[in-house]
Amino acid sequence: MSLSARYQPQETETKWYDYWLKKNYFHSEPDEREPFTVVIPPPNVTGVLHMGHMLNNTIQDILVRKARLSGKNACWVPGTDHASIATEAKVVRLLREQGIKKGDIGRDAFLEHAFAWKDKYGGIILDQLKRLGASCDWERTRFTMEPSLSDAVLHVFVNLYEKGRIYRGLRMTQWDPEALTVLSNEEVIYKEENARLFHLKYYRTDNPDLFITIATQRPETIMADVAIAVHPQDERYQSFIGKTVFVPLIHREIPIIADAYVDIAFGTGALKITPAHDQNDYEIGKKHKLPVIDILTPNGKLNEKATILVGQDRFEARKNIKKLLEEAGALEKIEDYRTSIGHSERTDAVVEPRLSLQWYVDMKPFAKTALEAVKSGEVKFYPESMFNMYQSWLQEDNIRDWCISRQLWWGQRIPAWFLKTEVEDENQQVFVAKTAEDALKQAIEKTGNPSLTLADLKQDEDVVDTWFSSWLWPLSVFDGFKDPKEIAYYYPTQVLVTGWDIMFFWVARMIMSGYEFSPELIDAVKIKEKGAMPFKAVYYTGMVRDNKRRKMSKSLGNSPDALALIDNYGADGVRFGVLSSAAAGNDIIFDAPFDPKTQEVLNESKLCEQGRNFCNKLWNALRLLQGWEVTEIEKNDGDHAIAELANQWLDARINQTLVLLQDQFNSYRLSEALITVYKLIWDDFCSWYLELIKPAYGEPIQKKVLEQAIAHFEKLMTILHPFMPFVTEEIWHQLKQRAEGEDCVVSIWPTVTEYDKLLIADVDLLKLVTTSVREIRNNHQIKMKEELTLYLQQSNLTNQWLHRKGIKEALCKTSVLNEVSLTDAEIPNTVTFLGGNDKFYLVINTTINVEEEKVRLVKEIEYYHKFISSVENKLSNEKFANSAPADIVNKERQKLADGQTKLKGLMEALTKLG
RNA sequence: GGGUGAUUAGCUCAGCUGGUUUAGAGCACCUGCCUUACAAGCAGGGGGUCAUAGGUUCGAAUCCUAUAUUACCCA
């Protein structure tokens with residue numbers, strides 16, 4: 001059967017993925033082998049595959065496939081995250097389009113809609129991962145809101161509450177007026193923006209001629225002012241302290257207080273205190289026992305407490321109040337300035353500080369554990385430098401309690417019940433339990449009222465933050481909270497692969513929950529033996545950016561379509577492209593070009609093209625092997641000697657590379673590992689090995705040589721498999737007839753054996769001489785086919801080299817020579833070049849341009865002169881000789897000696913030219 | 001405002017513990033080849049004061065300090 005001249009990924013990729021699934025190769029069950037566990041960072045259930053997923057899942061797949069080939073019990077658990085805010089927003093929007101309001105249909109009906117929507121559209125991303133080749137154990141697919149995982153969330157909530165680590169409190173929170181929920185601090189994204197600073201006059205109540213000017217960027221909140229604060233040492237305002245002023249427009253009287261918090265240099269040095277609408281003002285207000293006046297509705301409109309502009313949106317009110325202030329003579333001036341403004345991560349709405357009653361996790365003890373885990377090296381970060389960022393966040397003075405309640409319905413409802421009779425406030429009685437029945441028992445006990453029934457209780461309306469379920473992911477995907485069997489085997493996971501942007505959201509919190517709960521779920525002996533950490537290593541990928549260094553995102557439209565890329569280059573090609581410039585932690589500039597006319601991103605990539613070309617190279621190597629005619633007759637001729645040499649050499653090179661690869665895998669230098677394999681295959685195997693064993697035109701190849709070649713090719717396919725699974729599986733099967741279950745995906749990663757380093761050096765010289773001869777041909781316009789004669793200067797080295805079996809024949813073949821011989825004499829009318837330290841003379845039939853030759857030699861001589869003098873300088877420095885280690889000094893001496901030999905040779909050649 | 005990285009060829013990046021590195025790779029570029037597996041290819045080539053200025057050292061792309069540029073994190 002003849003093969004197409006080009007590799008066709010479309011034809012093979014689906015075929016092999018289905019085959020692997022059919023064979024159940026990705027499924028794992030606990031057994032006696034060492035486990036290699038990876039849990040996927042669960043993408044949003046509503047998500048579609050983007051470049052970041054491609055990168056991060058390619059890396060995970062490489063690690064998992066490599067582990068599988070290395071004989072470990074590889075288990076990669078996939079799944080999705082319910083993503084409460086994002087999903088709820090999506091469903092709300094969808095319902096609105098159908099004319100349905102969330103509030104009208106109620107909680108249960110809404111959840112029905114949401115689940116229906118999730119069943120229909122959720123999890124598309126998991127199918128897309130299959131296109132990429134992800135070898136997940138799909139039988140283990142989990143969802144953060146499925147019953148078992150939700151159960152774990154409730155368990156943990158109750159557990160932490162009982163330990164006194166979860167509390168309910170009235171605090172200043174970050175409010176998203178669009179999603180109508182509080183956010184955790186981490187969900188607020190600060191952006192630098194242009195803003196205006198309004199300078200407003202507040203007149204004294206005791207003297208209408210005196211006023212104090214304050215600077216604010218939020219004039220629409222002055223109706224909520226409760227004081228003006230100045231610095232106690234500010235000389236300008238000493239006479240104002242203790243007096244009162246009128247709030248402009250509404251003429252409410254407020255005091256002027258002194259507080260060292262005020263920055264004398266900022267604005268006018270006088271600060272309006274608005275506790276309901278500013279975090280810092282709230283703190284000052286509390287300190288000075290000032291009242292709180294909240295003038296905003298949940299959706300960011302002014303309420304009746306504002307008394308003016310009631311019903312207007314905060315930004316509309318800001319515009320309108322400017323006019324009123326001007327008319328009232330209260331506006332002194334407006335300044336432009338830059339400031340950073342907090343936006344909601346999910347809805348991008350400007351967040352509003354808001355006083356509200358929420359649930360919090362006390363983070364101090366957790367932070368200490370999490371910091372220690374990485375500091376001690378139990379959890380390793382790649383790259384290590386990520387620890388700095390981690391540390392600064394977890395330090396005691398930086399860590400803040402985690403607000404975990406959200407005013408949403410899509411998520412796990414908070415397992416807390418209250419008495420219907422009590423007013424909702426900080427002091428009301430609360431019964432935290434996994435079920436309403438348990439809560440009722442508590443209520444009866446605590447109130448001493450046995451007649452209470454379920455009807456007297458009401459459950460907290462809120463749900464927990466999505467991250468409060470995903471922080472349990474490594475524990476809950478193995479149902480650790482229900483059954484210790486699987487988790488005892490699979491925990492801790494090996495490595496977590498994720499972007500550094502969710503280091504705080506997710507990584508740190510998983511470390512916290514891991515240390516907190518795994519000792520409760522797993523046998524103490526096992527924990528002692530394997531550790532309590534959720535993963536042994538974290539591989540932080542960079543952010544994928546476009547060629548203008550912007551983060552690739554759907555909203556910017558600067559990300560190529562991941563699936564279109566796979567269509568264009570094949571999954572293997574895209575995997576190659578995405579990985580090849582992705583060192584851990586460094587951001588990746590993905591090279592997809594933009595259409596110069598439309599400015600739309602094109603689904604093209606040079607790097608993926610390189611990956612596709614590599615597949616094609618492999619494919620053609622296969623075609624070469626298949627095209628040869630085979631002979632059973634073994635001849636002990638030159639070709640045989642070359643084949644033997646090539647065979648042993650490639651074997652040595654593979655072994656040498658395997659050692660390097662192991663090191664690269666151990667340190668997670670995967671892009672380097674890929675380049676290493678790429679070079680081994682393209683340069684060593686294709687360019688040298690196959691060219692060496694290639695029979696002359698029309699000649700057959702010896703059966704044994706072909707078998708050796710196939711064996712090497714097969715080994716190389718196993719080595720490349722983790723990176724490019726599809727093409728390697730295809731070639732693996734094309735190479736020979738395979739028995740049932742004899743597949744590349746489950747082949748055995750080669751073990752390193754002793755190899756001949758000297759042979760590698762000898763072939764390096766062969767390559768060097770060949771390249772030199774080819775260069776001379778190029779320079780003298782001698783055809784590649786024209787056979788030439790080469791002489792080598794006689795020396796111990798050349799003598800030994802040329803007499804290694806196969807070298808002479810190989811050299812004749814690669815350099816197209818008719819004769820190679822050793823000589824003591826200078827050979828006239830030849831081009832001289834250096835190979836190693838020795839001189840080579842190439843006889844060419846064209847007349848040598850003596851002047852050109854001289855120029856070339858003089859240039860080289862100059863180079864060595866400089867080189868030698870720099871080494872001599874170093875060596876003549878006594879301090880160097882005394883303080884440098886002996887082997888370094890010896891190396892320098894060797895460098896000098898070699899340089900001198902080379903220089904001598906070149907000088908002789910120059911003299912010879914006359 | 002506080003902090004952390006980055007700066008190496010036209011572009012994207014390697015270079016790990018200072019010493020076979022007067023610095024590597026891929027792409028792009030130049031020259032010659034449709035040679036019988038592959039033009040998605042082959043053979044060869046050019047191109048870098050390692051951001052700048054100091055310092056430590058026998059020795060610095062590598063360590064230290066400052067400056068510049070740039071990216072990000074935190075408030």
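Chain A is the first sequence line, chain B the second, and so forth, proteins listed ahead of strands; every chain is numbered from 1. Model, not experiment: these values are computed from the prediction.
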Checklist entry - How close or far is atom C1' of B:G26 from atom CG of A:Leu680, stated in whole angstroms? => result 17 Å
Item to check | Span that lies between the C1' atom of B:C50 and that of B:A25, in whole angstrom | outcome: 16 Å
Checklist entry - Any side-chain N or O of A:Lys694 less than 4.0 Å from the OP1 or OP2 oxygen of B:A37? => result yes
Any N/O pairs under 3.5 Å between the protein and nucleotides 27-35 of chain B? List them or say none.
none

Item to check | Within the 6.0 Å centroid threshold, strictly below: A:Tyr539 and A:Tyr382 | outcome: no
Next on the checklist: Going by ring pair (Phe, Tyr, Trp, His ring centres under 6.0 Å), name the residues that satisfy it together with A:His712, two or more places apart in sequence or in a different chain.
Outcome noted: A:Tyr689
Item to check | Distance in angstrom units between A:Arg623 CZ and B:A39 C1', rounded | outcome: 13 Å
Checklist entry - Which nucleotide, B:U36, B:C38, B:U22, lies nearest any side-chain atom of A:Phe867? => result B:U22
Checklist outcome for this item: Comparing A:Lys679 with A:Leu690, nearest RNA chain B nucleotide closer to 5' gives the residue A:Lys679
Checklist entry - Residues in side chain to side chain contact (heavy atoms under 4.5 Å, CB included) with A:Asp401, at least two apart? => result A:Tyr167, A:Arg171, A:Tyr360, A:Asp362, A:Met363
Checklist entry - So do A:Leu875 and A:Val889 actually touch side chain to side chain, heavy atoms under 4.5 Å? => result yes
Checklist entry - Side-chain N or O of A:Asn620 less than 4.0 angstrom from OP1 or OP2 on B:G41? => result no
Checklist entry - Which pairs, with at least one residue in residues 661-682 of chain A and sequence neighbours excluded, count as a salt bridge (Lys or Arg N to Asp or Glu O under 4.0 Å)? => result A:Arg669-A:Glu672
Checklist entry - What nucleotide among B:C73, B:A37, B:G44 has an atom nearest to a side-chain atom of A:Arg774? => result B:G44
Checklist entry - How far, in whole Å, is B:C34 from B:A43 if one measures between their C1' atoms? => result 14 Å
Next on the checklist: Tell me every residue that passes salt bridge (charged side-chain N to carboxylate O under 4.0 Å, His left out) with A:Glu853, counting only those two or more places apart in sequence or in another chain.
Outcome noted: A:Arg856
Checklist entry - Using a cut-off of less than 4.0 Å, is there contact between a side-chain N or O of A:Ser671 and OP1 or OP2 of B:A14? => result no
Checklist entry - A:Met389 has an atom CE; how far is it from atom C1' of B:G3, in whole Å? => result 10 Å
Next on the checklist: Under the rule for ring pair (Phe, Tyr, Trp, His ring centres under 6.0 Å), what residues qualify as partners of A:Phe381, not counting sequence neighbours?
Outcome noted: A:Tyr390, A:Tyr540
Checklist entry - Is the shortest heavy-atom distance from the side chain of A:Phe366 to the side chain of A:Leu394 under 4.5 Å? => result no
Item to check | Between P of B:G41 and CG of A:Asp683, the distance in whole Å | outcome: 13 Å
Checklist entry - Can you check whether A:Leu706 reaches A:Leu625 side chain to side chain, under 4.5 Å on heavy atoms? => result yes
Next on the checklist: So if I take every side-chain heavy atom of A:Glu775 and compare against B:G45, B:A40, B:C38, which nucleotide ends up nearest?
Outcome noted: B:G45
Checklist entry - Which of the following nucleotides, B:G41, B:G44, B:C73, is nearest to the side chain of A:Trp500? => result B:C73
Checklist entry - Taking OP1 and OP2 of B:G5, is either one under 4.0 Å from a side-chain nitrogen or oxygen of A:Asn388? => result yes
Next on the checklist: I'd like to check the ring pair (Phe, Tyr, Trp, His ring centres under 6.0 Å) partners of A:Trp619; sequence neighbours left out, ordered by chain and number.
Outcome noted: A:Tyr7
Checklist entry - Atom CD of A:Glu187 and atom C1' of B:C74: how far apart are they, to the nearest Å? => result 17 Å
Item to check | B:U12 versus B:G48 - spacing of their C1' atoms, nearest Å | outcome: 16 Å
Output side-chain donor-acceptor pairs under 3.5 Å for residues 760-770 of chain A, partner residues at least two apart or in another chain, one line each.
residue  : atom : partner  : partner atom : Å
A:Asp762 : OD2  : A:Arg804 : NE           : 2.7
A:Asp762 : OD2  : A:Arg804 : NH2          : 3.3
A:Lys767 : NZ   : A:Asp684 : OD1          : 3.4
A:Thr770 : OG1  : A:Leu766 : O            : 2.7
A:Thr770 : OG1  : A:Thr814 : OG1          : 3.0
A:Thr770 : OG1  : A:Ser815 : OG           : 3.3

Checklist entry - With sugar-phosphate meaning primed atoms plus P, OP1 and OP2, does A:Cys686 contact a base, only sugar-phosphate, or nothing at under 4.0 Å between heavy atoms? => result base
Item to check | Of A:Leu624 and A:Trp682, the one whose closest RNA chain B nucleotide lies more 5' | outcome: A:Leu624
Checklist entry - Which residues satisfy the ring pair (Phe, Tyr, Trp, His ring centres under 6.0 Å) test with A:Tyr678, sequence neighbours excluded? => result A:Phe576, A:Phe614, A:Trp682
Item to check | Runs of at least three consecutive pairs that involve RNA chain B, where pairs are Watson-Crick or G-U with distances under 3.5 Å | outcome: B:1-7 with B:68-74, B:10-13 with B:24-27, B:29-33 with B:41-45, B:51-55 with B:63-67
Checklist entry - Which is true for A:Arg893 with a 4.0 Å heavy-atom rule: it touches a base, it touches only sugar-phosphate, or it touches nothing? => result nothing
Checklist entry - Ion pair present between A:Arg218 and A:Glu352, side-chain N to carboxylate O less than 4.0 angstrom? => result yes
Checklist entry - Which part of the nucleic acid, if any, lies within contact of A:Ala621, taking any heavy atom under 4.0 Å across all strands shown: a base, the sugar-phosphate backbone alone, or nothing? => result base
Next on the checklist: Using whole Å, what does the distance between atom C1' of nucleotide B:U4 and atom CD of A:Gln395 come to?
Outcome noted: 12 Å
Next on the checklist: Measuring only the C1' atom in each nucleotide, how far is B:U35 from B:G41? A whole number of Å is fine.
Outcome noted: 11 Å
Checklist outcome for this item: A:Lys859 atom NZ is separated from B:G45 atom P, nearest whole Å, by 12 Å
Item to check | Nearest-neighbour nucleotide for the A:Arg6 side chain, B:U4, B:A40, B:G44 considered | outcome: B:A40
Next on the checklist: Give me each pair satisfying salt bridge (Lys or Arg N to Asp or Glu O under 4.0 Å) with a member in residues 382-392 of chain A, each pair once, sequence neighbours excluded.
Outcome noted: none
Checklist outcome for this item: Quick note, A:Asn877 side chain, CB onward, closest among B:A37, B:C58, B:G44 is B:C58
Item to check | Span that lies between the C1' atom of B:U70 and that of B:U8, in whole angstrom | outcome: 16 Å
Item to check | Presence of donor-acceptor pair under 3.5 Å, side chain of A:Glu691 and base of B:A43 | outcome: no
Item to check | Between B:A9 and B:A14 - P atom distance, rounded Å | outcome: 13 Å
Checklist entry - What is the per-nucleotide protein-contact pattern of nucleotides 15-20 of chain B, from the 5' end, where B denotes a base atom under 4.0 Å from a protein heavy atom, S denotes such proximity for sugar-phosphate atoms only, and - denotes neither? => result SB--BB
Next on the checklist: When the P atoms of B:A68 and B:C11 are compared, how many Å lie between them, rounded to an integer?
Outcome noted: 24 Å
Checklist outcome for this item: Looking only at heavy atoms, the pair that brings A:Thr901 and A:Asn837 closest together is CG2-O, 3.8 Å
Checklist outcome for this item: Side-chain atoms of A:Asn616 come closest, of B:U36, B:U22, B:A40, to B:A40
Item to check | Nearest-angstrom distance, C1' atom, B:U69 to B:U52 | outcome: 11 Å
Checklist entry - A:Asp501 CG to B:C74 C1': how many Å, rounded? => result 15 Å
